[in-house]
Amino acid sequence: MIVTVKAGQVQEVKAQVYCPICTHIVEATVLHGRKRDITKPGQHCAHCRSSLDAGYVLHWEKAA
């Protein structure tokens with residue numbers, strides 16, 4: 001999927017994120033920017049309640 005983002009713009013999208021603490025894949029809000037995708041700060045895993053700041057973004061979908 002190709003999403004064009006102008007310089008300085010950041011989009012918030014829902015994505016699948018891997019929690020490194022409990023090894024579950026949960027849905028979280030991801031900040032999609034120019035260089036990389038990162039999880040939005042302050043979110044917690046739905047299973048273990050640990051912070052998802054260090055989580056890995058696996059997949060996100062864009063509506064057509």
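Numbers for residues simply follow the sequence, beginning at 1.
Summarising the geometry, atom CG belonging to L52 is positioned 11.5 Å from atom CD belonging to E27; distances are rounded to the nearest 0.5 Å. Between the OG1 atom in T23 and the NE2 atom in H47 there is a gap of 9.5 Å [rounded to 0.5 Å]. The distance from the NE2 atom of H44 to the OG1 atom of T39 is 11.0 Å, given to the nearest 0.5 Å.
For the pair V10/H32, no side-chain contact is recorded, criterion being any heavy-atom separation below 4.5 Å from C-beta on. Contact of the E12 side chain with the L31 side chain is registered, since non-hydrogen atoms from C-beta on lie closer than 4.5 Å. Counting heavy atoms from C-beta on, the side chains of C19 and S50 come closer than 4.5 Å.
For the pair P20 and A54, the tightest heavy-atom approach, listed with the atom from each and the gap, is CG-O, 4.0 Å. Residues K40 and D53 approach most closely at O-OD1, 4.0 Å, considering heavy atoms.
I25 and Y56 fall within the same hydrophobic cluster, where Ile, Leu, Val, Met, Phe, Trp and Tyr residues are linked whenever their side-chain heavy atoms come under 4.5 Å apart, directly or through other members.
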